[in-house]
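Just so it is clear, the model here is predicted, and its values are computed rather than measured. Per chain, numbering begins at 1; letters A, B, ... match sequence-line order. Values below: all heavy atoms of this structure, side chains included; hydrogens, waters and symmetry mates excluded.
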Amino acid sequence: MNEKNTGSPGESLDFIRTIIEEDNTSGKHDGRVHTRFPPEPNGYLHIGHAKSICLNFGIARQYNGLCNLRFDDTNPSREEIEYVDSIMEDVRWLGFDWEERLFYASDYFGQLYEYGVQLIKVGKAFVCDLSAEEIREYRGTLTEPGKESPFRDRSIEENLDLFEKMKAGEFEDGSKTLRAKIDMSSGNINMRDPVTYRIQRSTHHRTGDKWCIYPMYDFAHCCSDSLEGITHSICTLEFEDHRPLYDWYLEQLDIFRSRQIEFARLNLTYTIMSKRKLLQLVEEKHVTGWDDPLMPTISGLRRRGYTPESIRAFADIIGVAKRDSIVSIDLLNHGLREDLNKRAPRVMAVLRPLKVVIENYPENQAEEVEAIINPEDPSAGTRKLPFSREIYIENTDFMEDPPRKFFRLAPGREVRLKHAYFITCKSVVKDEKTGEVIELRCTYDPETGGGEAPDGRKVKGTLHWVSASHALDATVRLYEHLFIVENPADAEEGKDFMDYINPDALETLTGCKVEPGLAKTIPLDHFQFLRHGYFCTDSDSTEGSLIFNRTVGLRDSWAKMQKKKNN
RNA sequence: UGGGGCGUCGUCAAGUGGCAAGACACAGGACUUUGGCUCCUGCAUCGGAGGUUCGAAUCCUCCCGCCCCAGCCA
């Protein structure tokens with residue numbers, strides 16, 4: 001990999017790397033660069049997290065630094081071990097390694113408690129008896145200052161005693177909090193004596209029932225960063241308002257000063273990124289699960305056939321900045337095609353079969369033709385394809401009454417069967433009742449073996465095909481965008497993102513015919529189905545029951561032309 | 001009405017006072033045993049208005065627009 005993750009080196013620096021290089025030249029941390037990726041284990045990772053992962057691990061790699069994986073598990077009521085496992089799997093799959101630096105905020109609960117005590121001792125925190133509603137009332141509003149809690153001036157001794165009793169479980173859930181003593185009139189609401197510790201009796205996935213008080217994010221996060229010696233703590237824009245508090249805690253505690261830097265989170269066209277909304281899609285069964293190939297989750301993208309390389313390349317190409325934006329999914333798909341074009345074996349797959357009988361080809365004869373596996377990678381070699389009298393071609397490759405510029409098969413037309421022969425359509429067999437074309441009668445030119453005519457004549461079209469008796473049956477799932485509008489999160493009045501779900505996001509094709517070499521494919525194998533697109537063997541696929549997911553289609557200028565004509 | 005941010009091509013995004021990178025998309029064209037790939041070509045005066053300057057996307061002023069914040073969530 002290059003300087004960043006995969007992208008081209010020598011480009012201009014983004015604002016975060018600019019800060020890092022400034023710190024490096026000023027000697028702020030003796031050139032040390034240490035980042036972290038801090039997910040809360042309450043859901044599956046999505047492509048937005050991938051941006052953050054690539055940023056944090058990528059920066060560490062680029063500057064010879066380190067990046068920790070740290071689970072931000074300070075709220076046991078919503079966090080689960082299942083998510084911890086999936087997150088680790090996803091980060092690894094993306095190609096990053098936290099080595100021995102796997103941490104949990106819960107590792108620091110003991111230290112964090114001591115920090116709480118320390119805050120009380122310097123007169124910067126107090127135990128407050130206000131209820132949640134009262135705290136809200138006392139907080140004031142966006143435009144009006146808040147009121148100080150009547151418990152704000154308790155003595156240090158009393159606070160110490162009460163905090164210890166909170167920890168010991170002497171008070172009910174929610175009956176008391178530890179609050180930082182800052183400024184109830186601050187324009188920044190985060191600074192209005194924020195809650196630092198709350199009482200919450202729920203079993204933590206790692207510490208069990210050892211604690212009944214848990215630190216709030218703002219307190220736990222900056223302290224965890226500090227404890228780990230994180231130099232640059234990169235997070236998303238909505239935490240910008242929290243930075244003064246982040247700095248305040250570290251200053252009061254007089255511990256290592258990590259620096260929080262905020263960037264704009266990723267938005268992608270035709271999908272959604274919020275964990276809450278993704279969860280809703282799963283729970284309401286609009287998708288089959290977190291790893292549905294329609295989902296923008298890492299596990300969904302993986303199952304769909306996206307490669308870690310393409311995701312990393314995407315992260316590089318979109319850059320990092322502070323402005324809200326919505327990136328075109330085309331950018332992701334472009335990188336994917338670029339990656340797969342170089343690596344995916346080409347394969348014959350007829351999705352909507354139309355039988356072709358080659359009348360002048362001997363019955364009961366078969367031969368093998370040689371086919372290159374990947375023209376972009378000669379080292380991939382060749383394979384043998386069986387050819388015989390009866391084959392299948394793509395239904396859409398034939399038209400009885402073709403429009404101008406249709407280069408494929410039509411009555412009387414000659415086309416090339418890729419790697420095999422030229423064939424000419426002699427007649428059409430139709431279903432007597434429906435009039436539907438059910439079979440083509442063709443002849444082949446035995447002189448055109450390999451797809452080249454010795455007399456030098458040219459054909460405009462080249463079709464993919466599969467020998468009828470040798471082909472394997474397969475199920476193919478064609479995926480489209482999950483939503484029908486670019487930005488479903490930005491719904492018009494009276495609607496929400498659910499109103500924009502694409503009812504045709506998945507089209508399942510059965511009875512597809514694929515070349516016999518696919519018999520042994522295993523989940524996550526990538527292929528290019530010639531002239532169709534890139535496909536990936538689904539995790540439910542077995543040798544007897546092949547299932548492929550369309551990762552992304554090939555660019556299709558013919559389809560584009562048709563579409564333009566119809567508009 | 002308070003606080004914090006952001007506004008450069010259709011979409012991302014460089015640029016930090018000297019003649020507006022790049023990518024995707026789009027449009028033409030070449031090549032082609034994938035209507036794929038590849039290769040050429042084209043494609044913005046920088047939210048607005050004033051001002052400073054020989055010169056401004058870059059500095060100043062005012063205005064406009066968008067995003068975030070009132071969880072004992074993260």
Side-chain angles (χ1 to χ4, degrees), chain A residues 7-8 11-14 38-40 42 72-75 77-79 128 130-132 135-137 139-146 173-179 185-192 194-200 213-214 216-218 220-221 235-244 262 264 269 275 316-335 337-338 341-342 346 371-372 375-376 405-408 416-420 422 450-452 458-464 486 528-533 553-561:
Chain A
S8 36
E11 287 166 6
S12 52
L13 297 175
D14 57 63
E40 181 187 13
N42 70 340
D72 224 331
D73 55 351
T74 56
N75 186 355
S77 66
R78 38 188 264 172
E79 293 152 8
C128 182
L130 255 26
S131 69
I135 287 183
R136 193 186 326 122
E137 285 160 21
R139 188 155 33 223
T141 68
L142 292 178
T143 53
E144 294 159 328
D173 283 13
S175 62
K176 283 183 169 48
T177 56
L178 180 72
R179 293 229 259 162
S185 65
S186 172
N188 182 344
I189 290 179
N190 294 302
M191 301 300 271
R192 319 240 261 230
V195 172
T196 302
Y197 261 96
R198 78 281 214 182
I199 305 174
Q200 185 185 114
I213 57 171
Y214 292 96
M216 297 291 290
Y217 164 85
D218 284 304
H221 202 90
C235 64
T236 44
L237 247 33
E238 67 270 27
F239 292 102
E240 228 156 6
D241 286 345
H242 295 241
R243 192 184 340 125
E262 313 84 10
T269 57
K275 272 192 207 173
D316 279 351
I317 204 75
I318 58 174
V320 188
K322 297 196 70 160
R323 92 179 66 127
D324 289 313
S325 60
I326 176 161
V327 178
S328 169
I329 185 84
D330 288 338
L331 238 38
L332 213 207
N333 288 154
H334 170 77
R337 289 194 183 102
E338 201 167 51
N341 179 48
K342 286 181 297 196
R346 271 54 170 176
I372 187 158
E376 304 295 320
K405 294 201 174 167
F406 181 82
F407 303 148
R408 283 106 98 143
R416 170 168 39 233
L417 293 178
K418 177 104 175 167
H419 303 310
F422 285 9
E452 206 85 58
K458 303 284 184 196
V459 286
K460 284 291 250 180
T462 300
L463 311 188
H464 58 98
E486 284 203 346
Q528 183 194 103
F529 283 8
L530 220 70
R531 302 207 298 137
H532 279 300
L554 250 25
R555 292 186 53 141
D556 188 348
S557 52
W558 168 247
K560 200 184 284 178
M561 229 163 91

[X] near the nucleic acid: base, sugar-phosphate alone, or nothing, with a heavy-atom cut-off under 4.0 Å?
X	answer
A:Y197	nothing
A:T141	base
A:K560	sugar-phosphate
A:M216	sugar-phosphate
A:I213	nothing

Could you tell me which nucleotide pairs with B:G17 by Watson-Crick or G-U wobble geometry, both distances under 3.5 Å, or answer none if nothing does?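 None - no nucleotide pairs with B:G17, as no candidate has both distances under 3.5 Å.
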Mate of B:A44 across any strand shown (Watson-Crick or G-U wobble, both atom pairs under 3.5 Å) is none
Validation row, ring centre A:F407 to ring centre A:W558 under 6.0 Å: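 A:F407 vs A:W558: aromatic centres not under 6.0 Å.
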I'd like to know if [X] reaches the base of [N] with its side chain, counting only an N/O donor and acceptor under 3.5 Å.
X	N	result
A:D241	B:G3	yes
A:E144	B:U1	no
A:R337	B:G36	no

When the [atom1] atoms of [N] and [M] are considered, how many whole Å apart are they?
N	M	atom1	value
B:U8	B:G48	P	10 Å
B:U16	B:A57	P	12 Å
B:G15	B:A44	C1'	14 Å

Give a yes/no answer on whether the side chain of A:Q528 brings an N or O atom under 4.0 Å of OP1 or OP2 in B:C37. no
Under 4.0 angstrom between A:R198 side-chain N/O and B:A74 OP1 or OP2: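 Result: yes.
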Using a 3.5 Å distance criterion without hydrogens, assess whether the side chain of A:T269 forms a donor-acceptor pair with backbone atoms of A:I329.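 Checked: pair present.
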Base orientation of B:G71, chi within 90° of 0 counted as syn, else anti, reads syn
Write out a two-atom table: protein N or O, nucleotide N or O from nucleotides 10-12 of chain B, distance below 3.5 Å.
from, atom 1, to, atom 2, distance (Å)
B:U11, O3', A:I326, O, 3.1
B:U11, O2', A:I326, O, 3.0
B:U11, O2', A:S328, N, 3.3
B:C12, OP1, A:I326, N, 2.9
B:C12, OP1, A:I326, O, 3.4
B:C12, O5', A:I326, O, 3.3
B:C12, O2', A:I318, O, 3.0

Polar pairs (N or O, both sides) under 3.5 Å between protein and nucleotides 38-48 of chain B?
none

Of B:U1, B:U34, B:G71, the nucleotide closest to the side chain of A:P375 is B:U34
Candidate nucleotides B:C69, B:C72, B:A74, ranked by approach to the side chain of A:I189 - the nearest: B:C69
